[in-house]
Amino acid sequence: MTEPSEQYPAEGSRQHPKDTAPARRPSMARTAAAGSIGTVIEYYDFFIYGSAAALVFGPVYFPNFSSTAGTLAAFATFATGFIARPVGSLLFGHIGDRHGRRTVLLISVLTTGLATVCVGLLPGYDTLGLAAPLLLTLMRVVQGLGLGGEWAAAVLLASEHAPPARRGLWASFPQTGPSVGFVLANGVMLSMTATLTDEQFRTWGWRVPFLCAGVLTLVGYLLRSKIDETPAFLDLTARRTLVRAPLARLMRHHWRRVLLVAGAVTAAYAVNYAATTWALSQATGRLGLDPTVMLFCLMGAMGVMGLATPLVAVLGDRYGRRRLSLVGCGAMALCIVPYLAMLQTGQVWMILAGTSMMLLAVITMLGVQGAYIPELFEPELRCTGTAFAYNIGAVLGGALTPLIATRLATTAPGLPWGVAGYLLALCALSSACFVTLPDTRKTGCFPGAPSAVRPTTADRPRR
């Protein structure tokens, strides 16, 4: 006899056995791989764009600007990707709640992948004139749109297929995407700069990593085309309970939860971008560290972060996801000042150890969000709610932190206490949001909402 926790569809489905085809256990390894490869591709695309913006986009697409102004203009196009992410979350969230999670996964991987390849093929200002930077910005917007929908659909694919007792573990694999994508993107960029002359790299070498995204995109699309739709969405379709306007219903009934989730993830994104983007600028600028050495430090720390993600998720399955989220917030708060002190030493091994410590604290919180955030929204609105709330928090924490930290770090010599205070305040904010959010460990999915599909007694975890 099948254990209740292993039944499909999950989440207290009320459907009659005749309403759908007999459920079968999906291959969770294949399902997790299909979700994970998309997030790897998305963040690979995201990071190589940032590297190219720092290295070559200024002279290629903004040659009439000064060196500094050209770099700033290139980073401005990079920032448009952050602005587009919430818009993409609404667009793809609607598609996911109306037409299925699998549909979003197929469209999002093509959207971002093809936009990245187009950047690699886009002629420079010398050929197209003003159209070149305009098209570059357009491609960046398309990248951001795809990234805004990718993460939510990937974690829903894993979490809605997974047995409840292992939901956190399987939903954590898409969470490794940023780490793997960062290491892969910077590894490719470093290999190009190491094997080519400066002239070769600036002429054509920088385009190779963008064109490689085409191969990754094809692999991701083929893998995702073979997966099944999630049991939760099939259940909604069978019961004819799909919502016509998911966003309107979400904001009418659950806007407070959206704001709480956004506030909850803000600190992790702020600390993450402080330890990567801002720290790279700080170490190579004010501290005079070689950029290649600093990138190797960041790649090593990101590798540690990726390896720790499944372990954190298992702990979330065992002890509760909200509890791990609060532990992660506390760990980030405790590590901020020691990390900044280690960064200020300018010593490679101290920076590697400090960054690894900081990112381990970050993943202690972020590693369980792939299962926890979807559990906070009812199945009819889950894709829209998960995508929108998560991306609002990502924008608030990720887009603003490098700018704010750079400004605060220049106000006084020595340890940047202003940066520490800013990050500590965000950790306190996120902790308060997690305390306010419900604990899903005992109540099952989507606690405390009148329109929820409540879990049955059999679906709830045994004591």
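In this chain, numbering begins with 1 at the start of the sequence shown.
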Note to self: Restricting to salt bridge (Lys or Arg N to Asp or Glu O under 4.0 Å), what partner residues turn up for Asp45, sequence neighbours left out?
What the structure shows: none
Next item on the list: Decide, yes or no, whether a salt bridge links Arg101 with Glu229 under the criterion of side-chain N to carboxylate O below 4.0 Å.
Entry: no
Checklist line | Phe210 atom CZ, neighbour heavy-atom count above 12 within 6.0 Å | finding: yes
Margin query: If I take atom CE from residue Met358 and atom CE from residue Met342, how far apart are they, to the nearest 0.5 angstrom?
Written below: 11.0 Å
Report, one line per pair, each donor and acceptor closer than 3.5 Å where one atom sits in a side chain of residues 147-155; sequence neighbours left out.
from   : atom 1 : to     : atom 2 : distance (Å)
Glu150 : OE1    : Ser108 : OG     : 2.8
Glu150 : OE1    : Arg224 : NH1    : 3.0
Glu150 : OE2    : Thr39  : N      : 3.4
Glu150 : OE2    : Arg224 : NH1    : 3.4
Glu150 : OE2    : Arg224 : NH2    : 2.5
Trp151 : NE1    : Gln175 : OE1    : 2.4

Notebook entry, point to check: Using 4.0 Å as the upper bound for N to carboxylate O, is an ion pair formed by Arg167 and Glu160?
Noted result: no
Note to self: Applying side-chain contact (heavy atoms from CB on, under 4.5 Å) to Thr309 and Phe173, what does each step give before you reach the verdict?
What the structure shows: CA-CA 8 Å; Thr309 303; Phe173 285 96; over 6 Å; no
Note to self: Working to the nearest 0.5 angstrom, can you tell me the gap between Leu236 CG and Thr241 OG1?
What the structure shows: 4.5 Å
Checklist line | Glu380/Leu242 under side-chain contact (heavy atoms from CB on, under 4.5 Å): CA gap, chis, key distance, verdict | finding: CA-CA 6 Å; Glu380 292 90 338; Leu242 298 176; over 6 Å; no
Check: Just wondering, are more than 12 heavy atoms of other shown residues or ligands nearer than 6.0 Å to CZ in Arg98?
Finding: yes
Next item on the list: Not counting sequence neighbours, which residues clear side chain to side chain donor-acceptor pair (under 3.5 Å) with Ser325? List them please.
Entry: Gln369
Note to self: Just checking Arg252: does its CZ atom have more than 12 heavy atoms from other residues, nucleotides or ligands closer to it than 6.0 angstrom?
What the structure shows: yes
Next item on the list: To the nearest 0.5 angstrom, please state how far the SG atom of Cys118 sits from the CG atom of Leu136.
Entry: 11.5 Å
Notebook entry, point to check: Can you pull the salt bridge (charged side-chain N to carboxylate O under 4.0 Å, His left out) pairs that have at least one residue in residues 294-320, sequence neighbours excluded?
Noted result: Asp317-Arg321
Note to self: Please identify which of these residues, Leu110, Thr116, Ile37, meets the side-chain contact (heavy atoms from CB on, under 4.5 Å) condition with Thr217.
What the structure shows: Leu110
Notebook entry, point to check: Roughly how far, to the nearest 0.5 Å, is OG1 of Thr364 from CE of Met305?
Noted result: 9.5 Å
Check: For Tyr390, what residues pass the side chain to side chain donor-acceptor pair (under 3.5 Å) criterion, not counting sequence neighbours?
Finding: Tyr269
Notebook entry, point to check: Distance from Met299 atom CE to Phe182 atom CZ, nearest 0.5 Å?
Noted result: 7.5 Å
Margin query: Under the rule for side chain to side chain donor-acceptor pair (under 3.5 Å), what residues qualify as partners of Asn391, not counting sequence neighbours?
Written below: Arg85
Next item on the list: Please round to the nearest 0.5 Å and tell me the distance separating atom OG1 of Thr276 and atom CG of Asn186.
Entry: 10.0 Å
